[in-house]
Amino acid sequence: MEIAMIAAIDQQNAIGLDGDQLVYLSGDLKRFKQLTKGHAIVMGRKTFNALPKGALSDRLNIVLTKNPDLSFPGCTVVTSIEAAIEAADGHQKLFIIGGGKVYQSFMHLTQRLYLTHIDHSFEGADTWFPKIYPQKWRVIEKEGPFTDDKSGLRYYYETLEKAGS
Ligand SMILES: NC(=O)c1ccc[n+]([C@@H]2O[C@H](COP(=O)([O-])OP(=O)(O)OC[C@H]3O[C@@H](n4cnc5c(N)ncnc54)[C@H](OP(=O)(O)O)[C@@H]3O)[C@@H](O)[C@H]2O)c1
């Protein structure tokens, strides 16, 4: 099973603000769905809580929490990284979809990063993607730039593979 991360990051590596995304880019949301559909996704309890409609359809939703008593409709709840990987057994791909704490925890196990780089620095951001060390990753694909109609923000996609994987 391949472990991959998918994240939208700003110029400072920020990913969140007040428990929510920095911005919703419709093109990026479509790409997220297209890439993750049919696969397993892992998210932290806080990221799950911020999903407007709960579990995401057509994907195995795995939620990480330290509280074993929690349950969420349509989700497999796990209390460790190992249990998250076990829960995804049989899937071709496991996507780590955030947030900051969960990205950090899975970084050493991840082979691929699907990043959306937003050409902006968001004031007040309070959650960040882990530092990406260029010597550890090689860019295998770049797409864009695009401009979001609603916000006017420019963004591009970048896929990175861990060196040696
Ligand atoms: N830009 C993006 O692509 C993107 C993607 C996703 C999220 N985000 C943003 O990121 C922010 C949320 O990130 P966050 O770091 O605050 O929270 P988070 O990673 O979503 O969730 C943290 C929670 O997950 C559980 N958890 C994390 N690691 C665990 C482990 N190893 N074992 C057991 N439980 C674990 C804990 O839940 P309990 O407290 O219940 O124990 C922890 O409090 C939001 O602003 C969200 O919008 C951005």
Side-chain angles (χ1 to χ4, degrees), residues 3-37 39-57 59-88 93-110 112-132 137 141 143-146 148 150-151 153-160:
I3 300 183
M5 281 183 187
I6 183 160
I9 68 177
D10 84 352
Q11 291 168 332
Q12 313 293 329
N13 261 22
I15 59 164
L17 193 164
D18 280 341
D20 204 354
Q21 304 280 323
L22 298 170
V23 62
Y24 288 87
L25 305 169
S26 70
D28 185 45
L29 293 173
K30 281 195 196 104
R31 181 176 185 259
F32 176 90
K33 191 171 181 182
Q34 192 185 18
L35 284 169
T36 59
K37 233 176 164 181
H39 299 295
I41 55 174
V42 176
M43 70 198 102
R45 194 257 313 155
K46 293 183 183 172
T47 292
F48 176 77
N49 281 342
L51 292 179
K53 295 180 191 160
L56 302 179
S57 61
R59 281 149 280 194
L60 171 66
N61 287 238
I62 302 168
V63 179
L64 256 172
T65 171
K66 292 218 158 55
N67 184 348
D69 299 329
L70 290 180
S71 68
F72 304 107
C75 298
T76 300
V77 174
V78 295
T79 56
S80 71
I81 293 165
E82 295 74 21
I85 293 170
E86 216 170 286
K93 282 189 179 185
L94 173 61
F95 281 94
I96 314 305
I97 69 160
K101 287 218 174 64
V102 172
Y103 287 136
Q104 194 75 54
S105 305
F106 276 91
M107 204 59 177
H108 65 294
L109 298 167
T110 296
R112 210 172 250 243
L113 306 177
Y114 293 95
L115 298 178
T116 301
H117 290 278
I118 307 166
D119 198 8
H120 187 72
S121 188
F122 288 84
E123 223 166 279
D126 55 19
T127 316
W128 285 268
F129 194 78
K131 187 169 166 50
I132 301 162
W137 297 93
E141 210 177 316
E143 212 187 326
F146 308 100
D148 179 55
K150 199 171 165 200
S151 63
L153 288 167
R154 274 162 59 91
Y155 61 99
Y156 67 94
Y157 303 129
E158 195 178 52
T159 307
L160 299 95

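For ligands, and for the atoms within them, numbers begin at 1 and follow the listed sequence.
Of all protein heavy atoms, the one lying nearest to atom 13 (O) of ligand 1 is Gly100 N, 3.3 Å. Looking from atom 27 (C) of ligand 1 to the surrounding protein, the closest heavy atom is Val102 CG2, 3.7 Å. In this structure, the protein non-hydrogen atom closest to atom 39 (O) of ligand 1 is Arg45 NH2, 2.8 Å. Looking at atom 40 (O) of ligand 1, its nearest protein heavy atom turns out to be Thr65 OG1, 2.6 Å. At the top of the distance list for atom 19 (O) of ligand 1, counting protein heavy atoms only, stands Gly99 N, 3.2 Å. Protein heavy atom at the shortest distance from atom 16 (O) of ligand 1 is Lys46 CD, 3.7 Å. For atom 2 (C) of ligand 1, the closest non-hydrogen atom on the protein side is Gln21 OE1, 3.4 Å. Ile15 O, 3.1 Å is the protein heavy atom nearest to atom 48 (C) of ligand 1.
One finds the CD1 atom of Ile41 at 4.5 Å from the CG atom of Leu56 (value rounded to the nearest 0.5 Å). A distance of 7.0 Å separates CD1 of Ile118 from CG of Asp28, quoted to the nearest 0.5 Å. Put simply, CD1 on Ile15 and OG1 on Thr116 are 12.5 Å apart, with the number rounded to the nearest 0.5 Å.
The closest approach between Met43 and ligand 1 stays at or above 4.0 Å for every heavy atom of the residue. Heavy atoms of Phe129 stay at 4.0 angstrom or farther from ligand 1. Within the structure, the closest approach of Gly19 to ligand 1 falls below 4.0 Å when heavy atoms are considered.
If you number the atoms of ligand 1 from 1 as listed, the ones under 4.0 Å from a heavy atom of Lys101 come out as 15 (O), 19 (O). For ligand 1 and Thr127, the ligand atoms under 4.0 Å from any heavy atom of the residue are 10 (O), 11 (C), 13 (O), 15 (O). Close contacts of ligand 1 with Thr79, meaning ligand atoms under 4.0 Å from a residue heavy atom, involve 32 (N), 33 (C). Remark: ligand 1 atoms within the under-4.0 Å shell around heavy atoms of Ala7 are 3 (O). Ligand 1 places these atoms under 4.0 Å from at least one heavy atom of Ile97: 5 (C), 6 (C). Every atom of ligand 1 is numbered from 1 in the order shown, and the set under 4.0 Å from a heavy atom of Leu17 is 45 (O).
Between Ala8 and ligand 1, at least one pair of N/O atoms sits closer than 3.5 Å. Considering backbone and side-chain atoms together, Gly16 places no N or O closer than 3.5 Å to any N or O of ligand 1. For Asp18, no nitrogen or oxygen atom sits less than 3.5 Å from a nitrogen or oxygen atom of ligand 1, counting backbone and side chain alike. Here's the thing with Ile6: none of its N/O atoms is less than 3.5 angstrom from an N/O atom of ligand 1. Between Ser80 and ligand 1, no N or O atom pair is found at a separation short of 3.5 Å. Of the polar atoms of Asp126, none of the N or O atoms is found under 3.5 Å from an N or O of ligand 1, judged by distance alone.
Residue pairs meeting the side chain to side chain donor-acceptor pair (under 3.5 Å) criterion with at least one member in residues 6-20, sequence neighbours excluded, are Gln11-Asp119, Gln12-Ser121, Asp20-Tyr24.
Heavy atoms only, all atoms of each residue included: Met5 and Phe129 are closest at SD-CZ, 3.7 Å. Closest of all the heavy-atom pairs between Ile81 and Ser105 is CD1-CB, 3.5 Å. When all heavy atoms of Tyr114 and Lys93 are compared, the pair lying nearest together is OH-NZ, 3.4 Å. In terms of heavy-atom proximity, Met43 sits nearest to Thr47 at CB-CG2, 4.1 Å. In terms of heavy atoms, Ser151 sits closest to Leu25 at OG-CD2, 3.9 Å.
For atom 42 (C) of ligand 1, the protein comes within 4.0 Å by no heavy atom at all.
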I would like to know whether Phe146 and Tyr157 meet ring pair (Phe, Tyr, Trp, His ring centres under 6.0 Å); could you show each step before the answer? CA-CA 9 Å; Phe146 308 100; Tyr157 303 129; 5.2 Å; yes
Which atom pairs, one a donor and one an acceptor, fall under 3.5 Å between side chains of residues 62-71 and the rest of the protein, sequence neighbours left out?
| from | atom 1 | to | atom 2 | distance (Å) |
| --- | --- | --- | --- | --- |
| Thr65 | OG1 | Asn67 | N | 3.0 |
| Asn67 | OD1 | Asp69 | N | 2.9 |

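Closest heavy-atom approach to atom 12 (C) of ligand 1 within the set Thr47, Asp20, Asp28, Leu64: this belongs to Thr47.
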